[in-house]
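All chains are named by letter (A, B, ...) in the order of the sequence lines, taking the proteins before the strands, and each is independently numbered beginning at 1. Everything quoted here is computed from the prediction, not taken from an experiment. What's counted below: heavy atoms across the whole structure, side chains too, no hydrogens, waters or symmetry copies.
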Protein chains: 2
Amino acid sequence: MFSSDDTPKPLRGTRRSLPIALLRARETVMGPIREMLSQSNINEQKWRVLRVLDERGPTELTQVAKDACLLLPSLTRIIRAMEEEGLATRGTDPDDRRKSIAAITEAGRALILAHMAESNAIFARLERDFGQEKVEQLLDLLDELQTLDLYKP
Amino acid sequence: MFSSDDTPKPLRGTRRSLPIALLRARETVMGPIREMLSQSNINEQKWRVLRVLDERGPTELTQVAKDACLLLPSLTRIIRAMEEEGLATRGTDPDDRRKSIAAITEAGRALILAHMAESNAIFARLERDFGQEKVEQLLDLLDELQTLDLYKP
DNA sequence: TCCTTATACTTCACATGTTAAGCAGTTTTC
DNA sequence: GAAAACTGCTTAACATGTGAAGTATAAGGA
């Protein structure tokens, strides 16, 4: 008998707002990771691009943007910088010359390797403090939520 | 016998990376909300500030920044714009004149009201597609995660 | 083939994110 | 009761976020 709509309900408190809760939770988790990355003069965005390229191999930019949660205009600039820093390369798809295909370099892979131990340590700390089960549960829920399409219907 | 560390384990896939998963899930949820807000010429950040001010009443900027997940330099600009648009006011704390206290205006509250129905509808759609229980579960997990302190120990 | 439409970016302009420096007001220390 | 240290916010400079317009290539239709 609690959450029925017998009163004109206001907006949920910000702690029960999914977008805000997701953002705040992310800030918590990103704290130590940002600290780690700052030692390599690399930011969150480049780190995401590196991991996506490492995971998928050579990939067209539109796909990279989707996977790394970046818009194409941002990715254009970021990839350009990463090329200059030797972290990524790019070329034109011979089958469709509109497409630009990016790939991680050895230096990029080395950067990932260089942070692997600490990254895993941060995750281990999270599992210790939050609980291994809860982390799994949360990842499962997020993974499923990602796949929804919430537009209109 | 699966996830033991008997092999030099690589980084988790990006779908099992909590920061990336949080970001992707948030993008999914924010889609319809951004659509809603764009009709009022308001962006995510101003919306968060409005909701925090509505929820807490007059609040010093440092606290607003924490709650709305903004850095102070961003908040400085955003609050200035919101003052000009009549959505918020601010004054100096008489007890500590370093502090600036912001408050929501009637126009600000009206803007929240104007979007309440649609906001609740979006949330209802989420509950329908994702499941009410899972939404609750997710919010609980996120709320708890927010409160952790993951620095060093 | 020519024309239209669509796709895959890129560029532009302006807002926000981020770090470092600056400044006024407050507290601490001697 | 000042000098030193700290706090709360602002400014500055540059990177990224974002929507709209622009460019080049590709695909489809008359």
Side-chain angles (χ1 to χ4, degrees), chain A residues 19-20 23-24 26-27 30-31 33-50 52 58-85 87-88 90-102, chain B residues 19 23-24 26-27 30-31 33-50 52 58-85 87-102:
Chain A
I20 295 180
L23 192 52
R24 288 179 182 161
R26 186 166 191 276
E27 286 307 301
M30 280 306 298
I33 296 179
R34 267 194 265 268
E35 207 172 71
M36 170 183 87
L37 295 180
S38 70
Q39 291 160 10
S40 293
N41 271 324
I42 201 178
N43 61 20
E44 266 183 71
Q45 292 85 346
K46 288 178 184 175
W47 181 244
R48 289 204 303 274
V49 171
L50 277 182
V52 166
T59 310
E60 59 193 84
L61 296 190
T62 299
Q63 186 64 46
V64 174
K66 268 183 200 146
D67 285 8
C69 290
L70 294 168
L71 296 180
L72 273 172
S74 295
L75 186 58
T76 293
R77 291 180 298 222
I78 289 168
I79 281 277
R80 185 189 301 142
M82 290 175 72
E83 271 188 283
E84 286 164 6
E85 295 161 18
L87 299 174
R90 60 190 294 187
T92 302
D93 182 341
D95 295 334
D96 183 343
R97 297 185 354 195
R98 290 170 303 182
K99 291 184 184 171
S100 191
I101 304 225
Chain B
L23 191 53
R24 288 179 183 161
R26 186 165 192 277
E27 286 307 301
M30 280 305 298
I33 296 179
R34 268 194 265 268
E35 207 172 70
M36 171 183 85
L37 294 179
S38 70
Q39 291 160 10
S40 292
N41 271 324
I42 200 177
N43 61 19
E44 266 183 70
Q45 292 85 348
K46 288 177 183 172
W47 182 243
R48 290 204 302 273
V49 171
L50 277 181
V52 166
T59 309
E60 57 193 84
L61 295 191
T62 299
Q63 186 63 46
V64 174
K66 270 182 200 146
D67 286 9
C69 290
L70 294 168
L71 296 179
L72 273 172
S74 295
L75 185 58
T76 293
R77 291 180 298 221
I78 290 168
I79 281 279
R80 185 190 302 142
M82 289 176 72
E83 271 187 283
E84 286 164 5
E85 294 161 19
L87 299 174
T89 56
R90 59 191 294 187
T92 302
D93 183 341
D95 295 334
D96 184 343
R97 297 181 356 191
R98 290 170 303 184
K99 291 183 183 172
S100 191
I101 304 226

Nearest-Å distance for atom pair CD/C1', residues A:Gln45 and D:dA15: 8 Å

Residue of the set B:Arg90, B:Lys99, B:Lys66 for which salt bridge (charged side-chain N to carboxylate O under 4.0 Å, His left out) holds with B:Glu60: B:Lys99

Hey, what bend do you get for the helix from C:dT1-D:dA30 to C:dC30-D:dG1 if you fit axes on five pairs at each end, rounded to 10°? 10°

Note, A:Leu50 side chain near A:Lys46 side chain (heavy atom, < 4.5 Å): no

Just how far, in rounded Å, is P of D:dG17 from NZ of B:Lys46? 19 Å

Below 4.0 Å: OP1/OP2 of D:dG17 and any side-chain N or O of A:Arg77: no

Note: A:Ile42 and A:Trp47 closest approach over all heavy atoms is CD1-N, 4.2 Å

Rounded to whole angstrom units, what separation is found between the CZ atom of B:Arg34 and the P atom of D:dG17? 11 Å

State, to 0.1 Å, how close A:Ser38 and A:Glu35 come at their nearest heavy-atom pair, and which atoms those are. OG-O, 2.8 Å

Note: A:Glu44-A:Arg48 ion pair, threshold 4.0 Å (strictly below): yes

Heavy atoms under 4.0 Å, any strand shown: does B:Leu61 hit a base, just sugar-phosphate, or nothing? sugar-phosphate

Map A:Thr76 and A:Ser38 onto DNA chain C by nearest heavy atom, then report which one ends up closer to the 5' terminus. A:Thr76

Near DNA chain C, which residues from residues 90-100 of chain B have a heavy atom under 4.0 Å away? B:Asp96, B:Arg97, B:Arg98

Once you round it to whole Å, what is the distance between P of D:dG17 and CD of B:Glu27? 10 Å

Side-chain heavy-atom pair B:Val52, B:Gln63 within 4.5 angstrom cut-off: no

Between D:dT7 (P) and B:Gln63 (CD): distance, integer Å: 16 Å

What I'd like to find out is whether the side chain of A:Arg24 reaches to under 4.5 Å of the side chain of B:Asp67, using heavy atoms alone. yes

First-last contacting nucleotides on DNA chain C - partner chain A, under 4.0 angstrom, heavy atom: C:dA6 to C:dT18

To the nearest angstrom, how far is B:Leu75 atom CG from D:dT11 atom P? 13 Å

Look up atom OG1 in B:Thr59 and atom CD1 in B:Ile101, then write down how far apart they are to the nearest 0.5 Å. 7.5 Å

Under 4.0 angstrom, heavy atoms only, what part of the nucleic acid is B:Ser74 near: base, sugar-phosphate, or nothing? base

Does A:Asn43 put a side-chain nitrogen or oxygen below 4.0 Å from OP1 or OP2 of D:dT16? yes

Tell me the closest heavy-atom pair linking B:Ile79 and B:Leu61, and the distance in Å. CG1-CD2, 4.2 Å

Shortest non-hydrogen contact from A:Met30 toward B:Pro19: SD-CB, 3.4 Å

Heavy-atom closest pair, residues A:Leu75 and A:Ala65: CD2-N, 3.7 Å

Rounded interatomic separation in angstrom, taking CD from B:Glu60 and P from D:dT10: 12 Å

Interatomic distance where CD1 belongs to B:Ile79 and C1' belongs to D:dG8 [whole Å]: 14 Å

Between D:dA15 and A:Arg80, is there an OP1 or OP2 to side-chain N/O distance shorter than 4.0 Å? no

Taking any heavy-atom pair under 4.0 Å as a contact, classify A:Ile78: base, sugar-phosphate, or nothing. sugar-phosphate

Considering only heavy atoms from C-beta outward, does the side chain of B:Val49 approach that of B:Gln45 to under 4.5 Å? no

